[in-house]
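In what follows, chains carry the letters A, B, and so on, assigned in the order in which the sequence lines appear, proteins first and then strands, with residues in each chain numbered from 1.
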Amino acid sequence: MVIYFVLTTFVPLAFLVGMSFTEWNIISPPRWVGLQNLQKIFSDFDNWFYLKVIGRTVLYAIAILTLNIVGGFFVALILNQSLKGKGLFRTMWYLPSVFSGAVIALLLRIYLAGSSQGVLNMVLNRLFGIPPVDWIYNPTWMPVIGVLFVVWQGIGFTVIFFLAGLQGIDENLYDAARIDGANDVQLLRYITIPQMIPVLLFISVTGMIGSMQMWEVPRIITAGGPNHMTYTLVYSIQNDAFGNLEFGLGTAQSLVMFVMLLVFIGWQLNQYRRQYGV
Amino acid sequence: MNKKPISRRDFIKGAGFVLGSSILTACGPGAAPIVVKETVEVEKVVTATPAPTAAPEPIVLDVWWNSDMGNVAYLREVQEGWKQDPENEYFKKHWNWGGLAVVKFLPFAERHPGVDFKITSHSWDWDLRQNQLMALAAGIIPDTTYGEAYVNEFVQLGVFNPVSDNAAKQFPEGTTRGATIDGKVYGLPKSSGADVLFINLSLWEQAGLDRNKLPTTWEELVTAAQAISKINYSEKWGNTAYYTYGPDPNTYGTAMRILHWFNQNGAPLGSDLGVPSANAPKAAETWLFHNELMWTSTESLIQQAESEAGSGKLFNDGVIALKPGWNNDATSVGEGNIDATAIQFPLPPGGQPATIVIGNDIESPLKGGKHPELGIALIEETVTDPEAQAWLADNAGIWIPALKSLLEQHATYDRLGGYKTDTAKRIVRITMDALLNGNAGPLPGWPKNGARIWAEWNNTYLRIWKGRLNRDEIQKELDALQATIESLVRKTG
């Protein structure tokens with residue numbers, strides 16, 4: 001087991017770190033360049049391009065994670081009630097997580113077509129008389145659509161975990177609180193949410209890792225546009241490595257992402273330990 | 001006595017020892033054999049007989065091509081069975097590539113007995129590029145390959161062998177420039193195409209213009225477009241006249257329909273090897289001219305005409321009067337069989353003729369293949385074969401021959417069966433003339449960051465067009481674009 005873990009985790013990691021310090025176009029042998037790739041990422045190259053990519057990706061990740069957690073928790077609360085057909089609703093909420101993101105992005109690209117024949121434009125025009133909008137090239141709407149796309153894909157996963165957490169809360173806690181006169185909001189605030197902290201920790205860690213990897217929208221719909229508004233870190237890694245044959249630069253960006261996530265996860269775990277003494 | 005439990009460390013050590021021993025045992029030499037010496041006397045009468053000879057193994061050329069065509073035996077099967085009929089099983093499997101493969105590869109096999117093929121398809125565009133890269137990285141290198149986009153990138157990576165000057169000279173220089181470095185040509189085009197200006201003559205006359213006085217200068221073109229726009233109104237599209245692709249950061253296709261104006265005006269976007277010149281002295285004035293043309297139509301039309309097929313229909317319906325197009329556009333325009341023609345692009349004051357090659361499918365021999373010399377021979381013999389060059393235009397349409405000896409016949413060239421209508425054929429002959437005599441050339445060959453550079457160029461186009469920028473604003477945009485492209489093509493280290 002340890003050997004397997006070493007071979008599948010630490011060896012690739014060591015390879016990634018090593019490659020970050022090289023210039024390699026996959027055809028000729030790699031050439032050692034030291035910290036050059038990392039310097040490029042943190043320099044003013046192309047008007048601080050890479051730092052803007054990192055900042056933009058972090059903002060997207062925060063927005064996606066927040067919407068996923070708040071929205072997922074809210075939906076889980078509803079699905080935890082005695083509803084008719086709740087099995088069907090639970091399945092419907094989880095279904096987007098099962099679909100291939102690339103296929104959905106391809107369909108979305110067609111729906112968002114800027115012509116009057118674009119599905120979204122046709123619907124808006126017929127229902128509300130709104131003239132066609134060039135969604136994909138709109139620097140305000142396209143980032144919003146990108147975030148909503150990722151949230152739509154991932155919220156089912158969040159709902160399932162929150163639901164499992166809610167169903168694991170001891171009913172006696174609620175009974176005791178009601179006897180003491182607690183209302184619904186107080187039950188939520190003083191019992192439900194504190195009991196859900198371990199689940200929240202898990203979702204925020206896994207959710208952050210997933211949210212930082214927004215890729216389908218820039219790769220399949222926008223090519224990172226308009227005006228780089230959807231140019232994310234994973235898209236940049238793919239572009240530099242496979243588009244520009246700069247595998248060293250691509251892996252250096254992967255290394256930066258890895259360190260950022262490590263710091264975030266470490267901070268989360270530390271906060272949890274401090275608060276709950278675990 | 002209590003047994004001492006095995007610790008995790010001891011377990012790992014033991015497992016590693018067992019695993020290592022097993023591997024060494026498996027890899028090591030067998031036990032030394034016991035030698036027994038024995039002398040045996042044998043009396044034999046030996047007569048000379050000829051040693052039996054096995055048939056020599058055929059040389060199999062690994063050919064990457066547009067369709068999976070297998071080997072010579074399969075090509076002969078296709079030769080018997082292929083018909084240009086949507087219900088034909090070989091046509092369904094190979095489309096027109098099946099027919100071309102027979103004409104192209106079988107004669108080579110007949111001239112080179114003992115040579116067989118393994119002809120396989122590896123998609124197109126981005127996927128083909130990725131497949132080629134992975135094959136090169138893995139060392140599984142074919143003898144020849146194909147491509148349009150990214151050919152220049154592979155030429156600059158140095159993975160191709162050059163073809164002979166004699167072979168290269170048989171093609172217009174513009175069709176091989178994308179595969180040329182330091183005077184050596186690294187591939188030959190099996191098909192090609194060129195942009196020209198399509199004109200709807202009915203609309204032209206409705207605007208009070210003389211059909212015998214088609215525009216020869218930019219000023220005449222703008223004046224005509226504005227005159228047509230004034231009289232050409234529809235409720236759905238507004239006033240329209242000129243159409244070309246709007247900005248699209250996902251593709252360089254837009255650039256193929258616009259950059260000829262810049263090449264004409266001595267303001268190319270970049271050189272064949274990707275030295276950028278986005279803010280060349282006459283670039284801003286070219287963008288201003290382009291905006292004047294674009295704004296003879298509405299934003300709605302530009303965004304919704306949907307490239308070749310869609311704009312072809314709108315051209316036939318009289319919504320679009322003027323549009324850059326290549327031979328493939330002639331098919332959609334020709335279907336309408338309307339009163340239309342095409343001309344080579346009008347010129348700016350002091351400008352030079354120029355157009356962009358499109359559909360220029362280049363085949364190249366690779367250095368690392370098993371049979372490099374034979375790979376070169378395959379390219380040189382099959383791509384310069386007039387029958388193979390003529391085949392696609394005569395059967396599939398879409399492309400035109402790239403061979404000079406065929407292009408020179410443009411005025412009367414009649415092997416254009418793939419284009420169906422007389423209107424389409426007339427326009428295609430004009431594209432043949434443009435390819436031969438119109439100073440056709442490829443897009444700039446960016447050594448790296450090609451996708452990003454085209455995305456940046458498209459973004460600049462978007463701002464210049466939609467913002468209807470003035471000269472100073474355009475110049476500012478172009479200076480920023482130049483700086484961006486320079487940083488993107490700059491080699492590190």
NZ (B:K184) with more than 12 external heavy atoms under 6.0 Å: no
Pairwise side-chain contact, B:T484 with A:D46, heavy-atom cut-off 4.5 Å (strictly under): yes
Other residues, nucleotides, ligands: >12 heavy atoms within 6.0 Å of B:K370 NZ: no
Side chain, backbone, both or neither: which part of B:W446 has a non-hydrogen atom closer than 4.5 Å to chain A? neither
What I want to check is whether the side chains of B:N459 and A:Y137 have a donor and an acceptor closer together than 3.5 Å. no
Proximity breakdown for B:E299 and chain A, heavy-atom pairs closer than 4.5 Å: neither
Bottom line for A:I136: the part with an atom under 4.5 Å from chain B's heavy atoms is neither
Checking heavy atoms, do the side chain of B:E153, its backbone, both or neither come under 4.5 Å from chain A? side chain
For A:F242, is it the side chain, the backbone, both, or neither that has a heavy atom closer than 4.5 Å to a heavy atom of chain B? both
Which atoms of A:D240 come close to chain B, meaning under 4.5 Å heavy atom to heavy atom: side chain ones, backbone ones, both, or neither? side chain
Give, as side chain, backbone, both or neither, the part of A:N227 having an atom under 4.5 angstrom from any heavy atom of chain B. both
When rounded to the nearest 0.5 angstrom, what is the spacing between CG in B:L133 and CD1 in A:I26? 6.5 Å
Assess the side chains of A:N244 and B:R452: does a donor N or O sit below 3.5 Å from an acceptor N or O? no
Are more than 12 heavy atoms, taken from residues, nucleotides or ligands other than B:W465, located less than 6.0 Å from that residue's CH2 atom? yes
Which portion of B:N458 sits near chain A, non-hydrogen atoms under 4.5 angstrom: neither
So what's closer than 4.5 Å to chain B heavy atoms on A:S28: side chain, backbone, both or neither? neither
Are B:K448 and A:L245 packed together at the side-chain level, in the sense that at least one heavy-atom pair is separated by less than 4.5 angstrom? no
Answer key: most heavy-atom pairs under 4.5 Å with chain B among A:G118, A:P132, A:G243, A:A113 is A:G243
Chain B heavy atoms under 4.5 Å from A:I27: which part of the residue, side chain, backbone, both or neither? side chain
